[in-house]
Number of protein chains: 2
Amino acid sequence: MQLDKLVHFHKTVGNHTRLRIIGLLKEGGALHGQAIAGKLGLTPPTISHHLTKLKEIDIVYQRRDKNTIYYALNERKLDLLAEAITRLGDDDMNEELQVTDEEKHKVLNNFIGTDGRIKSMPAQLKKRLIILEHIIKGLEAGKSYPEPKINEHIKQFHDDFATIRREFIMHQFMTRDKGYYELNPRELWLI
Amino acid sequence: MQLDKLVHFHKTVGNHTRLRIIGLLKEGGALHGQAIAGKLGLTPPTISHHLTKLKEIDIVYQRRDKNTIYYALNERKLDLLAEAITRLGDDDMNEELQVTDEEKHKVLNNFIGTDGRIKSMPAQLKKRLIILEHIIKGLEAGKSYPEPKINEHIKQFHDDFATIRREFIMHQFMTRDKGYYELNPRELWLI
DNA sequence: CCTATGATTAGATAATTATCTAATTAGATT
DNA sequence: AATCTAATTAGATAATTATCTAATCATAGG
């Protein structure tokens, strides 16, 4: 991570109100704007202002339900940035996390048969993520799926839909709410 | 770590010049003021200004040799603070939002008369939440109420049922769907 | 199409702050 | 004591920003 980005991150987090918002989201899960405003004793425009800043550094994301937008913490991002601090002066950061298209192709060729089904799930996280990404690409962003639909979709690739479905949640590809599943924004994906 | 302290830390580190100083000290070991000023193309007073801020958060310490003061990075501190980031929002950060049972009793006694009705709605959010919680406790979880039923229930406590009903939604005590109201699970309540 | 609700944008204001030059302080050396 | 060197403080200025009110936008539901 380069200097400017790190500055931007700290500048954003170095504010009383914004830290309190982060705290609220951490303890309370997703909240909508007016709830945050109420709890902090500030007006909605002010909260809006802070939320856009928090979104800029990618630490909160949003989900819309009717007229209400729920904001939630991207905790993984938090961890990554914490790590970045200790490596402040170092230059060779981040590279090891990138995956090239070529690498993806190779993994897909190795683990997916000519019939399109998964021959076996790789054990290594990096490769698993590539497979998961491949599966989830068949789903539509912004659409809400009931659990059976998800199962059905996964079964096209692999019989163990329960494990894979769980990994979708675990690795932040999707969100579950009351039995309904929805893709997370791509920036949240770990790949 | 306290909220204020965390804010102070991030505010301090969230500055282009100061991060560059940290970077210099990390790669170059101890440096004296004028050397830093030279490398960054700034004047000594400016560097002095930033160094006092970095000393405030205890991330830089100094050693004097004759007239020259050498500044060095406290890397252990850096690690500690990085760790604190992942705990943003944990435990004691939100202390001021916790409410004890004793506190609740006190508020209820103050705002609710012997007839069980609300004498006046407190303005302070924390107290309002206590009153709202009290009112909503008379409703049953999992049951779906039409709007008139809700109004009726609230009117036992206060005549302004519209405002209170709206606050139930706003503060996530309940959900409305097509004119029907249902309690949210308790974990969602802000109290 | 109309209305209600929640979010965002625009614009204003007051507070904070990064930076400079000029002046001052603190040690060290002669 | 006089002088040199490095650091700090004072004071000024320009830029940034947290917050508010008022206005606008976007979506849902009739």
Side-chain angles (χ1 to χ4, degrees), chain A residues 3-4 7-22 30-57 60-72 142 144, chain B residues 3-4 7-22 30-57 60-72 146-147 162-163 165-172 174-181:
Chain A
L3 190 62
D4 286 341
V7 172
H8 190 195
F9 168 73
H10 287 294
K11 209 189 268 295
T12 302
V13 177
N15 171 282
H16 202 261
T17 301
R18 284 194 285 268
L19 265 191
R20 286 172 80 208
I21 292 177
I22 291 176
L31 290 174
H32 61 278
Q34 307 220 351
I36 299 175
K39 265 209 109 85
L40 299 186
L42 295 168
T43 61
T46 300
I47 300 305
S48 211
H49 166 70
H50 290 301
L51 284 174
T52 56
K53 298 210 166 220
L54 290 173
K55 280 182 279 183
E56 271 168 23
I57 60 168
V60 303
Y61 61 100
Q62 50 183 263
R63 181 175 57 78
R64 178 164 209 131
D65 182 30
K66 319 221 173 184
N67 267 324
T68 308
I69 296 177
Y70 292 88
Y71 300 92
S144 188
Chain B
L3 184 62
D4 287 340
V7 173
H8 189 196
F9 167 72
H10 287 293
K11 212 191 268 290
T12 302
V13 177
N15 171 282
H16 202 261
T17 302
R18 285 193 286 269
L19 265 192
R20 285 170 78 206
I21 292 177
I22 291 176
L31 291 174
H32 62 278
Q34 306 221 346
I36 299 175
K39 278 183 190 278
L40 299 187
L42 295 168
T43 61
T46 301
I47 301 304
S48 211
H49 165 71
H50 290 301
L51 284 173
T52 57
K53 296 209 169 223
L54 289 172
K55 280 183 280 185
E56 271 167 24
I57 60 170
V60 155
Y61 62 96
Q62 50 184 265
R63 182 176 52 78
R64 180 166 208 127
D65 181 30
K66 317 222 169 165
N67 268 325
T68 308
I69 298 177
Y70 292 89
Y71 300 91
E147 185 162 309
T163 301
R165 198 188 57 219
R166 195 153 169 278
E167 284 196 285
F168 278 152
I169 303 297
M170 193 165 107
H171 293 125
Q172 311 218 43
M174 45 192 342
T175 313
R176 175 184 46 203
D177 193 22
K178 301 191 215 300
Y180 279 81
Y181 292 73

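All of these numbers come straight from a predicted model, not from anything done at the bench. Protein chains get the first letters and strands the later ones, always in sequence-line order, with residue 1 at the start of each.
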Is there any protein nitrogen or oxygen under 3.5 Å from a nitrogen or oxygen in nucleotides 28-30 of chain C, and what are the pairs?
from: C/dT29; atom 1: OP1; to: B/K66; atom 2: NZ; distance (Å): 3.4

If I take atom [atom1] in residue [X] and atom [atom2] in nucleotide [N], what distance separates them, rounded to the nearest angstrom?
| X | N | atom1 | atom2 | value |
| --- | --- | --- | --- | --- |
| A/N15 | C/dT16 | CG | P | 13 Å |
| B/L40 | C/dA18 | CG | P | 14 Å |
| B/L19 | C/dA18 | CG | P | 12 Å |
| A/H50 | C/dA7 | NE2 | P | 16 Å |
| B/K11 | D/dT16 | NZ | C1' | 11 Å |
| A/I21 | D/dA18 | CD1 | P | 11 Å |
| A/L31 | C/dA7 | CG | C1' | 15 Å |
| B/K53 | C/dT17 | NZ | C1' | 7 Å |

Can you give me the N/O atom pairs linking the protein to nucleotides 8-10 of chain C at distances under 3.5 Å, or say none if there are none?
from: C/dT8; atom 1: OP1; to: A/Y71; atom 2: OH; distance (Å): 3.2
from: C/dT8; atom 1: OP2; to: A/S48; atom 2: OG; distance (Å): 3.0
from: C/dT8; atom 1: OP2; to: A/Y71; atom 2: OH; distance (Å): 2.9
from: C/dT8; atom 1: O5'; to: A/S48; atom 2: OG; distance (Å): 3.3

Below 4.0 Å: OP1/OP2 of D/dA7 and any side-chain N or O of B/Q34 = yes
If we ignore hydrogens and angles and just use 3.5 Å, is the side chain of [X] paired with the main-chain N or O of [Y] as donor and acceptor?
| X | Y | value |
| --- | --- | --- |
| B/S48 | B/P44 | no |
| A/R63 | A/I69 | no |
| A/T46 | A/L42 | no |

Take the angle between the ring planes of A/Y70 and A/H32 and call it parallel below 30°, perpendicular above 60°, tilted in between.
->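 Because their plane-to-plane angle is over 60°, the rings of A/Y70 and A/H32 count as perpendicular.
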side-chain contact (heavy atoms from CB on, under 4.5 Å) between A/N15 and B/V7, worked out | CA-CA 6 Å; A/N15 171 282; B/V7 173; 5.6 Å; no
Pick base, sugar-phosphate or nothing for A/T46, based on heavy-atom distances below 4.0 Å to the nucleic acid.
-> base
Given C/dC20, D/dA6, D/dT19, the nucleotide with the shortest approach to the side chain of B/T43 |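 Of the options given, the side chain of B/T43 lies nearest C/dC20.
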Which nucleotide in the set C/dC20, D/dA7, C/dA7 lies at the smallest distance from any side-chain heavy atom of A/T68?
->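 The listed nucleotide nearest to A/T68's side chain is C/dA7.
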Establish, from distance only, whether the side-chain atoms of A/D4 and B/H16 form a donor-acceptor pair under 3.5 Å.
->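 Yes, a side-chain donor-acceptor pair sits under 3.5 Å.
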